[in-house]
Amino acid sequence: MDLHTFKDGAIDLWIEQESSIQLKSINKFDDPVEFAASEARALADQLKRFADLLDQLDNS
């Protein structure tokens, strides 16, 4: 499992069983997770990389 963590552990992102992208968001204060623009871009970039990987797995 290729796990990526964002926002000091508040968000985990991984590919599950080579078929779906999983995103888990847990804030220790039960608050919404806030993103600066650069953090949002980093999360979006990783989501795109995982989506591309899933496409490659589907085509193999």
Side-chain (Glu39) to main-chain (Ala36) donor-acceptor, under 3.5 angstrom
yes

Rounded to the nearest 0.5 Å, what's the gap from CH2 on Trp14 to CG on Leu23? Could you check?
7.5 Å

For the student: nearest non-hydrogen atoms of Ile11 and Ser25, plus distance
CG1-OG, 3.9 Å

Ignoring hydrogens, what is the shortest heavy-atom contact between Asp2 and Phe50? Give both atom names and the distance.
O-CZ, 3.3 Å

Considering all heavy atoms of both residues, which atom of Lys7 and which atom of Val33 are nearest to each other, and what is their separation?
CG-CG1, 3.7 Å

Out of curiosity, Ile15 CD1 to Leu53 CG, how far, rounded to the nearest 0.5 Å?
4.0 Å

Separation between CD (Glu16) and CG (Leu54), nearest 0.5 Å, reads 11.0 Å

Take atom CZ of Arg49 as the centre, draw a 6.0 Å sphere, and report whether it contains more than 12 heavy atoms from other residues, nucleotides or ligands.
yes

Rounded at 0.5 Å granularity, tell me how far CG in Leu3 sits from CG in Leu13.
8.0 Å

Could you go through Asp45 and Arg41, starting from their C-alpha distance and side-chain angles, then the distance that decides it, and tell me whether this counts as salt bridge (Lys or Arg N to Asp or Glu O under 4.0 Å)?
CA-CA 6 Å; Asp45 288 344; Arg41 285 185 189 94; over 6 Å; no

Ser20 side chain to Gln17 main-chain N or O, any donor-acceptor pair under 3.5 Å?
no

Tell me if the CG atom of Asp8 is crowded by more than 12 foreign heavy atoms within 6.0 Å.
no

How far apart are the C-alpha atoms of Lys24 and Ile26, what are their side-chain angles, what is the distance that settles it, and do they pass the side chain to side chain contact (heavy atoms under 4.5 Å, CB included) test?
CA-CA 7 Å; Lys24 179 178 168 184; Ile26 298 177; 3.3 Å; yes

